[in-house]
Participant: 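Next up is a structure, given as structure tokens.
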Amino acid sequence: MAKDSLLDDLNEPQRQAVTHIGNPLLVLAGAGSGKTRVITTKFAYMVKRKRFSPHSILAVTFTNRASDEMKERTKGLINCDTKNLWIGTFHSQCNRILRKEIHHLGFKHNFTIYDEDDQCTLIRQILKELNIYEALYKNIASRISILKASLVTPDKFLSQGDGFSFDEKIAKVYVRYQDELKRAEALDFDDLIMFTVRLFTEHPKVLERYRKQFEYVLIDEFQDTNHAQYMLANIIVGKDGNFCAVGDDDQSIYKFRGANVGNIHRLKADHSRLKIIKLEQNYRSTKNIINVSSKVIQGNASRSEKTLWTENECGEKVCYCLFNNEEEEAKHVARTIKDLYLKGFYEYSDMAILYRINLQAKAIEDGLREASIPYTIFNGISFYNRREIKDVIAYLKLILNPHDNVSLRRVLNVPPRGIGISAINKIEQEAKRNSTSLYTVIKQIISSNNSFTSSIKDKLSSFVNTIDDLIGNSQKTASDIMRAVVNKTNYLETLEDERVQNVIELINSSEGISLQAFLDKTALMSGFETSNNCNSVSMMTLHGAKGLEFSVVFLVGLEEGILPYCKALEDAADMEEERRLFYVGMTRAKERLYMSSVRRRKLYSKVQERQPSRFINDVPKDCCNWMEKTVSPTVQTEKPSTSNTVNISFDIGCRVKHPSWGVGIVRECCGNGDTAKVVVNFPGIGIKKLIAGLANLERISV
DNA sequence: CGAATTGAGTTTTTT
DNA sequence: ACTCAATTCG
């Protein structure tokens, strides 16, 4: 085989990364260097050229988005049976393993997955019981989460702590929390990883089976792995294993979630034969953008040296603007977007506005709305986080696992059944005394003499009957069960129209899936919907933009206190992460990059004087259009919408009629009257350049 | 038990 | 400013 068509379109390091099999491999893949292509090609190469079974490759990603893309592209490259491939997120792979094996750890196979909300609910309740200041629940939840991500058990934590005060309290909560999870037969996200590690550590025979099955392990976004994930991969792979880790330490932005960039460097220590391949050619961005972002990221001390370069053209200069306030900033962004759009350079969907914190979206949104620019805000609050969706899902969880106390508490009085706080508290105490689940204890209460009034007993009994009835139907499909839930509980009757629609959408989306499969899917989904099929400008946080690319990118709010964020000012490591965040933002841009800061920003209803971000100092001026003006059109046009309107003419944005092409919108215009040269976009026909007089263009009033 | 009022806390959030 | 949640009243 002289030449391999699979490898034709790869550059040399990419080809090496694909074909290097048999020794541990770390691919340091710079932004836009064709990482996904390498991973998918490698998968296909191993299957088609090296006779790996597609089922013997464990491919792990962090996001569903990445895993979907990988599945999709891999299926396009190999044409064998692609059902049940081991391509998925860390959590979904662990879930898949645990659903089969968790009995080794004393849990039932129908365990429930607690999401962040459930986790917080449970922790708050524990804090209440332990008389710890409840408002700390978020803090404590995240501390516990990071402990688990570091494979630190409560005991271990206690023994290594200072033995005083707060850590001790956290350990106490941690112990209780794990007890409660066990009682409810529930695992949180961190448990999915931690338990799988435990499973493999404590049950070598099980591990052996999986080691045999997985001949190769591929890990994407390796810089984002936490300790538990690192150990998991390490255990499956074994000492001299076949694996390939792909990552970019410059894009590590999830330290606050327990991600440990150090894992990249640790690989070298743990695998002496580790081969390192750098992908440094960027296919995404212009030279100017690469130059600027490279310069900025060099400001970080701790990074593995990597120099991005590109054969792409220089392109437009990067723009930086300093405004007086966020309104000006927003107006300018809006004006620039409109201009680029009307000129026919870009569709709205080619453009994105990125910011550090969601709060910044407000001002930008106002600016875009003012300019009638369509936009979509992508924020973390997903469909599955809506109250009505969570309520319905809580019923489903309860049906599959009646001991799920968090879900029970959620729906016990939803819709209102007259079971109030005092009743719930009493049930709670009773359950604690018998150390059993709420569901079990409610059944006992109903059928015994006690201090509960008969009216409450009736209500409880009606609730339990409903649930038991539904449990009897738990073999039906998820959508059927949901229909039964809303029918039996009259849940929809208390809801506003919009929420009812959401529930109906949920039901329709789950046709033909089993209850367990549906719950797994929704639990492991959550978050960022990035389907950008409508032609609108995308707005999202810098974190949300990771892994995406846009022709035009606006980075707004580049100020001390915003980026870098105020809470990161103290800590050098945090500061480096802020810089990486900036870097991730810049490297999302393919062709044009606009950056801006403001002098005064209103935040939490206080106007604050602000300094431009320190990172701006590292932007090389020769790649850049620099403006510190109050009013400033960045894109150099003749301001046509105002200057050309003296005569009756064809303004940008106005509607015109052509004898054969019909009605279109003027995107560009030069000159007046019959001699005007105009560029018109005719919907369904395309963009046409015309001389107004010759083409018999008529202007239509708006 | 449910509605109204008061109060605290405001980053990022792959799963 | 604004949200979300806990306390307080009817």
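In what follows, chains are A, B, ... by sequence order, proteins preceding strands, each numbered from 1. Small disclaimer: the values here were computed from a predicted structure and weren't measured.
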Participant: According to the interplanar angle, ranging from 0 to 90°, do the rings of A:Phe189 and A:His91 count as parallel (below 30°), tilted (30 to 60°) or perpendicular (above 60°)?
Facilitator: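 Taking A:His91 first and then A:Phe189, their aromatic rings stand perpendicular (interplane angle over 60°).
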Participant: Do we see a donor-acceptor contact under 3.5 Å between the side chains of A:Asn260 and A:Tyr230?
Facilitator: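 No.
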Participant: At 4.0 Å (heavy atoms only), tell me whether A:Asn413 reaches a base, stays on the sugar-phosphate, or touches nothing.
Facilitator: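 Sugar-phosphate, backbone atoms only, no base.
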Participant: Mark up nucleotides 1-10 of chain C, 5' to 3', with B wherever a protein heavy atom is under 4.0 angstrom from a base atom, S wherever such an atom reaches only the sugar-phosphate, and - elsewhere.
Facilitator: B---SS----
Participant: Below 3.5 Å, can you tabulate the donor-acceptor pairs from side chains in residues 66-73 of chain A to any protein atom, sequence neighbours excluded?
Facilitator:
unit_1	atom_1	unit_2	atom_2	d
A:Glu69	OE2	A:Arg73	NH1	3.0

Participant: Decide, applying a 5.5 Å centre-distance limit and a 30° plane-angle limit (both strict), whether A:Tyr565 stacks on B:dT11.
Facilitator: yes
Participant: Rounded to whole angstrom units, what separation is found between the CZ atom of A:Arg417 and the P atom of B:dG2?
Facilitator: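 Rounding to the nearest Å, CZ of A:Arg417 and P of B:dG2 are 12 Å apart.
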Participant: How many whole angstroms separate atom CZ of A:Arg356 from atom P of B:dT12?
Facilitator: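 In whole Å, B:dT12 P lies 7 Å from A:Arg356 CZ.
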Participant: Rounding to a whole Å, what distance do you find between A:Ile562:CD1 and B:dT11:C1'?
Facilitator: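 Taking CD1 of A:Ile562 and C1' of B:dT11, I get 10 Å after rounding.
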Participant: Looking at residues at least two apart in the chain, or sitting in another chain, which of them share a side chain to side chain contact (heavy atoms under 4.5 Å, CB included) with A:Lys567?
Facilitator: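 With neighbours one apart ignored, the set is A:Tyr565.
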Participant: How would you list, by chain and number, every residue that makes a salt bridge (charged side-chain N to carboxylate O under 4.0 Å, His left out) with A:Glu493, sequence neighbours excluded?
Facilitator: none
Participant: Starting the side chain at C-beta, find the nucleotide from B:dT13, B:dC1, B:dT11 nearest to A:Ser422.
Facilitator: B:dC1
Participant: For A:Asn139, what residues pass the side chain to side chain contact (heavy atoms under 4.5 Å, CB included) criterion, not counting sequence neighbours?
Facilitator: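 With sequence neighbours excluded, A:Asn139 shows a side chain to side chain contact (heavy atoms under 4.5 Å, CB included) to A:Arg143, given in chain and number order.
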Participant: Would you kindly give the CG-to-P distance between A:Leu519 and B:dT15, to the nearest whole Å?
Facilitator: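 That distance rounds to 17 Å.
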Participant: Would you say A:Asn64 reaches B:dT14's phosphate, i.e. side-chain N/O to OP1/OP2 under 4.0 Å?
Facilitator: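 Looking at the OP1 and OP2 atoms of B:dT14, neither is under 4.0 Å from any side-chain N or O of A:Asn64.
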Participant: Using the salt bridge (charged side-chain N to carboxylate O under 4.0 Å, His left out) criterion, which residues pair with A:Glu180? Sequence neighbours excluded.
Facilitator: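 Result, salt bridge (charged side-chain N to carboxylate O under 4.0 Å, His left out) vs A:Glu180: A:Arg176, A:Arg183.
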Participant: When the nearest nucleotide of DNA chain B is assigned to A:Leu542 and to A:Ala423 on a heavy-atom basis, which residue is associated with the more 5' position?
Facilitator: A:Ala423
Participant: How would you list, by chain and number, every residue that makes a salt bridge (charged side-chain N to carboxylate O under 4.0 Å, His left out) with A:Arg266, sequence neighbours excluded?
Facilitator: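 Applying salt bridge (charged side-chain N to carboxylate O under 4.0 Å, His left out) to A:Arg266 gives A:Asp270.
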Participant: Kindly say whether the aromatic ring centers of A:Phe107 and A:Phe195 come within a distance under 6.0 Å.
Facilitator: yes
Participant: Can you tell me the distance, in whole Å, between the NZ atom of A:Lys426 and the P atom of B:dC1?
Facilitator: 10 Å
Participant: The side chain of A:Thr541 is closest to which nucleotide in this list: B:dT15, B:dT14, B:dT13?
Facilitator: B:dT13
Participant: Atom CD1 of A:Ile144 and atom C1' of B:dT15: how far apart are they, to the nearest Å?
Facilitator: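 That distance rounds to 18 Å.
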Participant: If I pick the P atom on B:dT13 and the same atom on C:dC4, what distance separates them, to the nearest angstrom?
Facilitator: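 Each nucleotide's P atom is 16 Å from the other's.
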Participant: Could you please name the option among B:dT11, B:dT12, B:dT14 that lies closest to any side-chain atom of A:Phe62?
Facilitator: B:dT14
Participant: Does a nitrogen or oxygen in the side chain of A:Asn358 sit under 4.0 Å from OP1 or OP2 of B:dT13?
Facilitator: yes
Participant: Under 5.5 Å centre to centre and under 30° between planes: does that hold for A:Phe256 and the six-membered base ring of B:dT12?
Facilitator: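 A:Phe256 vs B:dT12: stacking yes.
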Participant: Mind listing the N/O atom pairs, protein and nucleotides 4-9 of chain B, below 3.5 Å?
Facilitator:
unit_1	atom_1	unit_2	atom_2	d
B:dG9	OP1	A:Tyr133	OH	3.3

Participant: Can you tell which of B:dT13, B:dT14, B:dG2 lies closest to the side chain of A:Pro416?
Facilitator: B:dG2
Participant: The side chain of A:Asp224 is closest to which nucleotide in this list: B:dT12, B:dT14, B:dT15?
Facilitator: B:dT14
Participant: Base, sugar-phosphate alone, or nothing: which one does A:Ile419 contact when heavy atoms must sit under 4.0 Å apart?
Facilitator: sugar-phosphate
Participant: Are A:Asp404 and A:Tyr114 linked by a side-chain donor-acceptor pair shorter than 3.5 Å?
Facilitator: yes
Participant: Ignoring hydrogens and angles, answer whether the base of B:dT15 and the side-chain atoms of A:Arg257 contain a donor-acceptor pair closer than 3.5 Å.
Facilitator: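 Looking at the base of B:dT15, it does pair with a donor or acceptor on the side chain of A:Arg257 (distance under 3.5 Å).
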Participant: Report the distance from atom CD1 of A:Ile253 to atom C1' of B:dT13, rounded to the nearest whole Å.
Facilitator: 10 Å
Participant: What's the CG-C1' distance between A:Asn139 and B:dT13, to the nearest Å?
Facilitator: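 Between C1' of B:dT13 and CG of A:Asn139: 15 Å.
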Participant: A:Lys567 or A:Gly418: which one's nearest nucleotide on DNA chain B is closer to the 5' end?
Facilitator: A:Gly418
Participant: A:Arg99: which residues meet the salt bridge (charged side-chain N to carboxylate O under 4.0 Å, His left out) condition with it, sequence neighbours left out?
Facilitator: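 Partners of A:Arg99 under the salt bridge (charged side-chain N to carboxylate O under 4.0 Å, His left out) test: A:Asp520.
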